[in-house]
There are 2 protein chains.
Amino acid sequence: MAAFTSRDVARLAGVSQSTVSYVMSGRRPISDETRKRVQAAIEQLTYQPNAGARALASQRTQVVGLVVPFGPAADTTGLLPFLETITGCARERDHDVLLVTADEGTSALTRLAGQSLCDAIVLMDIAARDSRLPVAAASRVPVILIGIPEETWGLPCVDLDFPEAARLAVAEIAAAGHDRLVALGYSAGEIARDVNYVGRFERAAVAAAAAAGIEHLAVSPMEPSPAGARAAVEQALALGGPRPALLVPSSSSVPWVLQALTERGVVPGRDVTVVGLCTDAAAETTTPPVTNVSTEPRTVSALAMQTLFRSLERDRQEPTGGVELVTPRLTRRGTTLPPP
Amino acid sequence: MAAFTSRDVARLAGVSQSTVSYVMSGRRPISDETRKRVQAAIEQLTYQPNAGARALASQRTQVVGLVVPFGPAADTTGLLPFLETITGCARERDHDVLLVTADEGTSALTRLAGQSLCDAIVLMDIAARDSRLPVAAASRVPVILIGIPEETWGLPCVDLDFPEAARLAVAEIAAAGHDRLVALGYSAGEIARDVNYVGRFERAAVAAAAAAGIEHLAVSPMEPSPAGARAAVEQALALGGPRPALLVPSSSSVPWVLQALTERGVVPGRDVTVVGLCTDAAAETTTPPVTNVSTEPRTVSALAMQTLFRSLERDRQEPTGGVELVTPRLTRRGTTLPPP
DNA sequence: TTGAAAGCGCTAACAT
DNA sequence: ATGTTAGCGCTTTCAA
């Protein structure tokens with residue numbers, strides 16, 4: 001069964017092909033009478049427009065390219081909420097998502113744009129100095145970054161406000177009456193990859209601690225595994241003094257840190273304060289539920305898509321660019337010590 | 001900078017447009033001389049063919065549609081290795097992946113095929129009786145299932161050999177000298193969704209236990225959370241006798257079950273045997289590393305893609321269909337009791 | 001070994 | 001309010 005074309009629809013409805021097109025796009029007024037006939041024909045044939053032909057004629061693919069950090073070195077934890085939200089937002093605007101892996105590097109971008117595979121590109125897992133950015137900035141299609149590099153090249157960026165997240169976490173620790181905190185850092189891989197949020201969070205944490213008059217110590221790197229967490233926790237407890245406060249900015253490590261503490265008989269919320277940077281969903285399922293600053297992947301993704309579609313609608317003329325930040329929230333759960 | 005077309009390349013190389021096309025596709029002999037001139041022109045202009053035009057003319061999109069189980073009820077754990085392997089295999093064959101969410105239901109399939117958005121479709125998260133299958137079977141493009149429904153509708157299926165996985169797990173438990181095992185079941189959501197592997201695994205486990213002369217008890221459902229695991233573990237220990245053996249077929253629950261046991265002072269590998277069904281990577285990072293039957297998502301995905309491309313090359317005439325199973329492996333780690 | 005030319009199915013001027 | 005028509009950029013016969 002070969003698919004029907006708009007010509008078949010036109011013939012069946014007794015109108016011209018362009019009328020069928022205009023009925024579907026609504027780009028010019030159509031009498032009720034004809035519209036009904038055309039729509040009936042469309043349904044009768046279960047007509048669906050050919051995407052390739054449409055793209056060729058209209059110069060719009062109705063596809064968003066999504067470059068995700070798969071590949072060996074990638075921080076793949078917590079990626080799914082992003083993917084899910086991005087595809088959902090795309091579908092709402094009648095777009096599909098073409099999945100491309102970051103290990104293609106720069107050529108992913110040139111391919112997506114060069115072959116006219118998509119109308120816009122979402123780039124994730126941005127490094128502080130990301131070699132893809134100059135290519136992205138020169139791209140024929142708009143590109144949006146999820147993450148904030150050192151130099152944006154005029155590209156629009158959306159991300160969590162990591163400095164604010166650090167401030168919230170430090171404020172919580174200060175409010176619990178600690179005069180010192182130990183940050184259990186990111187993994188060696190994340191640090192080596194120069195992922196942008198690592199530095200953004202750390203610098204703000206150090207500054208906020210200084211401002212609050214509390215000491216900032218760090219154990220870094222820490223691998224997100226039970227063993228890595230055990231090693232880091234041992235050091236942290238040695239550094240943390242009699243009433244330790246732990247700040248865990250690496251989502252995937254949060255459960256392991258809690259487990260490592262528990263194993264040692266150190267009870268989070270009774271003997272030690274733990275504040276994690278992770279999604280609320282993840283924080284709710286740890287044992288015990290951890291006081292967290294939320295990372296809001298869904299909000300970040302939705303905002304990115306909104307910005308992207310705005311720039312797509314504005315016929316890509318006005319200068320986009322600029323940084324949009326999503327404000328994290330702190331939720332106190334079971335792992336904050338009461339003030340002394 | 002508008003993109004160059006094959007006409008530009010042809011003009012620059014002093015050949016006809018068709019020659020450019022044939023140089024790129026290799027579908028007819030070209031003299032070395034002309035080939036070089038054309039390739040030079042292509043590089044000089046950094047020409048890339050327009051995907052829409054190519055699809056329109058050739059009736060091939062070079063895109064694989066991937067329907068993934070996002071959405072509220074989905075078992076999203078362990079999805080990433082599938083996505084990663086599938087996109088990787090696609091790229092190897094010069095294809096891209098269009099990501100579609102399962103919550104679109106049947107319309108995802110009709111849309112992908114109807115709009116000629118892709119040349120083939122990969123369908124994941126198959127229910128035992130899946131309403132999408134009749135639609136898939138009637139689809140204009142080949143569809144492959146990852147998962148095995150009760151009735152395949154002639155569609156090719158690829159999945160782990162869950163019955164064999166159950167047999168391996170039961171054999172391990174029997175070899176450790178247990179005369180009884182407790183299966184900690186799937187989540188209520190998975191059961192309600194009628195996910196195909198649940199029944200396949202359970203039935204085989206019951207049969208294998210009977211054959212081995214050991215008793216098969218079940219605690220089900222169990223939510224994949226610390227609380228759910230604690231509740232299930234409590235019941236399981238009550239049922240398990242003095243020397244309990246636990247079988248955990250739900251990957252996402254394995255770490256929580258181990259944690260719940262440890263919390264109670266019951267040490268896996270000393271007081272209780274635990275066998276989990278999960279990836280080797282996951283099994284290595286639990287505390288302690290758990291004896292596991294591997295789920296091999298990468299092998300399953302790669303096999304599915306291989307089968308898919310075979311059916312694409314064979315010009316979609318021969319009857320595809322049939323079930324391909326990937327054999328799991330059992331790896332003994334720290335959680336198997338020594339025989340008494 | 002190469003070229004000319006006819007579409008693929010759609011959109012969007014341009015006419016009426 | 002609707003129809004006519006000229007492409008969009010490529011592949012692929014058919015001809016030479």
Side-chain angles (χ1 to χ4, degrees), chain A residues 1-39 41-42 45-63 94 111 113-117 119 140 315, chain B residues 1-39 41-42 45-63 94 111 113-117 119 140 315:
Chain A
M1 72 159 198
F4 289 108
T5 74
S6 67
R7 258 187 87 194
D8 300 318
V9 175
R11 205 146 38 200
L12 180 57
V15 299
S16 78
Q17 212 178 2
S18 63
T19 299
V20 175
S21 175
Y22 286 120
V23 165
M24 300 203 70
S25 69
R27 293 172 84 88
R28 88 177 179 190
I30 301 279
S31 75
D32 263 26
E33 161 85 34
T34 15
R35 175 185 294 106
K36 256 170 223 148
R37 281 219 315 287
V38 170
Q39 273 165 348
I42 286 174
L45 303 181
T46 64
Y47 164 71
Q48 302 200 246
N50 178 297
R54 192 208 277 271
L56 183 57
S58 68
Q59 310 282 34
R60 289 182 146 270
T61 59
Q62 305 285 105
V63 168
D94 200 32
R111 207 165 55 79
Q115 310 197 127
S116 296
L117 281 163
D119 298 331
R140 215 162 40 74
D315 260 5
Chain B
M1 69 159 195
F4 288 107
T5 75
S6 66
R7 259 187 86 195
D8 300 319
V9 175
R11 209 149 31 205
L12 180 57
V15 299
S16 78
Q17 213 179 1
S18 60
T19 298
V20 175
S21 176
Y22 286 120
V23 165
M24 299 203 72
S25 68
R27 294 172 82 87
R28 89 176 179 192
I30 300 279
S31 74
D32 263 27
E33 161 86 31
T34 14
R35 175 184 295 104
K36 254 169 224 149
R37 280 219 316 286
V38 170
Q39 274 165 346
I42 287 175
L45 304 180
T46 63
Y47 164 70
Q48 300 200 245
N50 178 296
R54 191 208 278 270
L56 183 57
S58 67
Q59 311 282 35
R60 288 181 147 271
T61 60
Q62 304 286 102
V63 167
D94 200 31
R111 205 164 58 79
Q115 311 197 105
S116 296
L117 281 163
D119 298 330
R140 215 162 39 74
D315 259 3

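To find a chain, count down the sequence lines: A is the first, B the second, and so on, and within it residues start at 1. Source: prediction; values computed, not measured.
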Specify the separation, in whole Å, of atom [atom1] of [X] and atom [atom2] of [N].
X: A:Q17; N: C:dC8; atom1: CD; atom2: P; result: 11 Å
X: B:R11; N: C:dA4; atom1: CZ; atom2: C1'; result: 16 Å
X: A:L56; N: D:dC10; atom1: CG; atom2: P; result: 9 Å

Using the side-chain heavy atoms of [X], tell me which of these nucleotides is nearest: [options].
X: B:P29; options: C:dT1, D:dG9, D:dC10; answer: C:dT1
X: B:N50; options: C:dC10, D:dG9, C:dA13; answer: D:dG9
X: A:R28; options: D:dC10, C:dA13, D:dT12; answer: C:dA13

Distance check: side-chain N/O of [X] vs OP1/OP2 of [N], anything under 4.0 Å?
X: A:Y47; N: C:dC10; answer: yes
X: B:S18; N: C:dA5; answer: no
X: A:R54; N: C:dT11; answer: yes
X: A:T5; N: C:dC8; answer: no

Discussion item. What's B:V15 touching, base or sugar-phosphate or nothing? Going by heavy atoms closer than 4.0 Å.
Written reply: sugar-phosphate
Discussion item. Classify A:F4 by what it touches in the nucleic acid, base, sugar-phosphate, or nothing, heavy-atom distance under 4.0 Å.
Written reply: nothing
Response to the item:
Whichever of A:S16 and B:R27 has the more 5' nearest nucleotide on DNA chain D, that residue is A:S16
Discussion item. Side chains of A:S16 and A:T19: any donor to acceptor distance under 3.5 Å?
Written reply: yes
